[in-house]
Structure formats: structure tokens, C-alpha cells
Amino acid sequence: MAGDSRIGILALQGDVREHARVLAGLGADVVLVRRPEELASVDGLVIPGGESSVMDKLARAFGLQQPLRDVIAAGLPVYGTCAGLIMLADRLTDAIEGQQTLGGLDVTVRRNAFGSQVESFETDLDVPAVGAPPVHAVFIRAPLVEQVGPGVETLAALPDGTVVAVRGGNLIGTSFHPEMNGETRFHRLLMGMAQRR
Ligand code: GLN
């Protein structure tokens, strides 16, 4: 089953190794994507956490921005964590000057949204789309989803209503990092989408 999927990880920058470990543990054939050709062979893609402004610059420098936009538009299942969610957002608040995203998710995402006092924190979240038990979510200089477009489903929110996980069509994004603490259910969702293509 799951072992049949070839899942790419955008490997320009960020916590590539942690995602590779989770995906390999689920039986995926993991491909580190640094060149446009490498995108052609994958059934799904992870965009890791890291620093979105750097990832954006590298994606453009490596000639990957347009190919990534093309595969997203063609329906490739993509899961973005943290900086990866920022890369998938159609609109950004608090971007650095000139920062671009790949887009595809009809959401507005605010970078570094939790401020310096609580830049990093952990909490348990109910996420009906992945079932029980709650997800132990690790937030590291995390973004939040400020506005959710009509075709996008909220998968998880903090107790105050702040949206921190979304799914729209072939794209999933979380403000937090399941790959950091052995949480595999979001990667399973991605692999399920990859297999149904
Ligand atoms: N603050 C980072 C950014 O703006 C995201 C942090 C993360 O991925 N852990 O890209």
C-alpha cells in the first residue's frame, strides 16, 4: 500500500531530514528535490519548515519556482509545514520585501505571528481529519492562518480560534511541525492523497 508512493521533499533548506525519517518510516520511497527534473517522478511532495524567505530565494535561484507552481496547479498533493505552509499561501502578511510564495492555497498567512515572547510553544490539538488522540503540536516561530478562502477547510485551530492547519484541494498546510515529535498522521494523509491520483 503506502510503500508504493514516491514522495519528494523540497530539499533547498530546512528540516528535510526529519521529514525524510517520517516518510521512510511509513514506507515511502523518498526523493530529495533540488532540481526541476526530480519533480517529475514524485506522487506527492513535502515542503519542510525552515525560513520561507530563504526557501523562496533558493527556489527562484534553482529554477524551481515555476515548475513547483506548475505541479501544484496540475494537482500534485503537497504538504507544507510551517515555512512550507507559508510557501503554499496565496497571500502573506509580514513578508520580507520582495518575498514571493508558490501559492495554491486560498489563505492569508501571517509570518512569525506569535511574537517574540512565545515564539515557540507546544500544545495538544484536536484534529478531526486525523482522528484521536489529539495531535501534540510543536510551534517554532510559527505562522498563523489569518483568513481562509471559500474552498479551504480548517483542520485545526487553537482554543482562541486561531487557525493552524488547513486543507484545500491537493494542498495541506500546518503551522506546526509533526515531523519533530513522531506524529505521522499528516504524512499519512498526504500519502493517501498521493495514491489516489
Ligand atoms: N518563521 C519562519 C518563516 O517565516 C518559519 C519557521 C519554521 O518553519 N519553523 O519562514
Side-chain angles (χ1 to χ4, degrees), residues 8-19 32-39 45-74 76-122 137-152 154-158 160-180 186:
I9 305 172
L10 185 62
L12 299 173
Q13 194 267 336
D15 70 333
V16 173
R17 200 183 316 171
E18 287 78 1
H19 282 286
L32 300 188
V33 173
R34 295 191 185 89
R35 293 179 305 167
E37 309 83 81
E38 287 153 352
L39 276 176
L45 181 73
V46 168
I47 305 184
E51 175 47 53
S52 58
S53 57
V54 176
M55 220 180 280
D56 163 43
K57 283 188 186 138
L58 291 173
R60 286 189 265 160
F62 281 60
L64 271 165
Q65 187 193 57
Q66 193 57 47
L68 284 163
R69 287 178 173 166
D70 291 345
V71 293
I72 288 170
L76 185 75
V78 183
Y79 172 34
T81 61
C82 203
L85 163 64
I86 295 170
M87 293 297 289
L88 291 175
D90 281 349
R91 295 167 300 279
L92 288 188
T93 312
D94 284 358
I96 69 160
E97 202 184 322
Q99 179 171 0
Q100 298 176 16
T101 69
L102 301 169
L105 260 181
D106 181 7
V107 293
T108 305
V109 166
R110 177 181 291 274
R111 292 178 64 233
N112 301 332
F114 294 97
S116 55
Q117 301 296 322
V118 284
E119 274 185 345
S120 303
F121 63 99
E122 302 183 18
V138 179
F139 294 80
I140 303 168
R141 293 184 59 234
L144 64 76
V145 181
E146 278 187 333
Q147 182 261 333
V148 179
V152 176
T154 295
L155 297 183
L158 298 175
D160 69 0
T162 302
V163 176
V164 291
V166 288
R167 174 167 59 188
N170 50 312
L171 307 178
I172 306 171
T174 60
S175 300
F176 49 88
H177 289 275
E179 74 283 5
M180 298 247 168
F186 291 91

Requested in this report: Check the pair Ile86 / Gln99 against side-chain contact (heavy atoms from CB on, under 4.5 Å), numbers first and verdict last.
Outcome: CA-CA 11 Å; Ile86 295 170; Gln99 179 171 0; 4.1 Å; yes

Requested in this report: Decide side-chain contact (heavy atoms from CB on, under 4.5 Å) for Val164 and Leu85; before the verdict, give the C-alpha distance in whole Å, the side-chain angles of both, and the deciding distance to 0.1 Å.
Outcome: CA-CA 10 Å; Val164 291; Leu85 163 64; over 6 Å; no

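Between Val109 and Val145 there is a side-chain heavy-atom pair separated by less than 4.5 Å. Between Met180 and Ile140, some side-chain heavy-atom pair lies under the 4.5 Å cut-off. Counting heavy atoms from C-beta outward, Pro178 and Thr81 have side chains that approach closer than 4.5 Å. Proximity of Glu179 to Val46: side-chain heavy atoms (C-beta onward) are nowhere separated by under 4.5 Å.
Between Phe114 and Phe139, the ring planes lie perpendicular to each other; the angle is over 60°, past the 30° to 60° tilted range.
Using a 4.0 Å cut-off between charged side-chain N and carboxylate O, Glu51 and Arg111 make a salt bridge. Here Arg110 pairs with Asp94 in a salt bridge; the nearest charged N to carboxylate O distance falls below 4.0 Å.
Smallest separation of non-hydrogen atoms from Leu105 and Gly168: CD2-N, 3.7 Å. The shortest heavy-atom contact between Cys82 and Pro143 is SG-CD, 3.5 Å. Among all heavy-atom pairs drawn from Gly50 and Ala83, the shortest one is N-CB, 3.5 Å. The minimum heavy-atom distance between Thr154 and Val163, with the atom names listed, is CG2-CG1, 3.7 Å. Nearest heavy-atom pair, Gly80 versus Leu88, reported as atom, atom and distance to 0.1 Å: N-CD1, 3.7 Å.
The list of salt bridge (charged side-chain N to carboxylate O under 4.0 Å, His left out) pairs with a residue in residues 95-107, not counting sequence neighbours, reads Arg91-Asp106. Here salt bridge (charged side-chain N to carboxylate O under 4.0 Å, His left out) pairs that include residues 79-90, with residues two or more places apart or in two chains, number zero.
Checking side-chain atoms of Asp15 against main-chain N and O of Gly49 turns up a donor-acceptor pair under 3.5 Å. Remark: the backbone N or O of Ala89 is paired with a side-chain donor or acceptor of Thr101 at under 3.5 angstrom.
Here Gln100 contributes atom CD and Arg60 contributes atom CZ; the two are 3.5 Å apart, rounded to the nearest 0.5 Å. A distance of 10.0 Å separates CZ of Arg34 from CD1 of Ile9, quoted to the nearest 0.5 Å. Interatomic distance, Lys57 NZ to Gln65 CD, rounded to the nearest 0.5 Å: 13.5 Å. With values rounded to the nearest 0.5 angstrom, Asp160 atom CG is found 9.0 Å from Leu144 atom CG. Separation of atoms CG (Leu45) and CG (Leu171) is listed at 10.0 Å; rounding is to 0.5 Å. Between the NE2 atom of His19 and the CZ atom of Phe186 there is a distance of 12.0 Å, given to the nearest 0.5 Å.
Partner Leu10 forms a side chain to side chain contact (heavy atoms under 4.5 Å, CB included) with one of Val78, Leu64, Leu32, Leu39 and no other, that one being Leu64.
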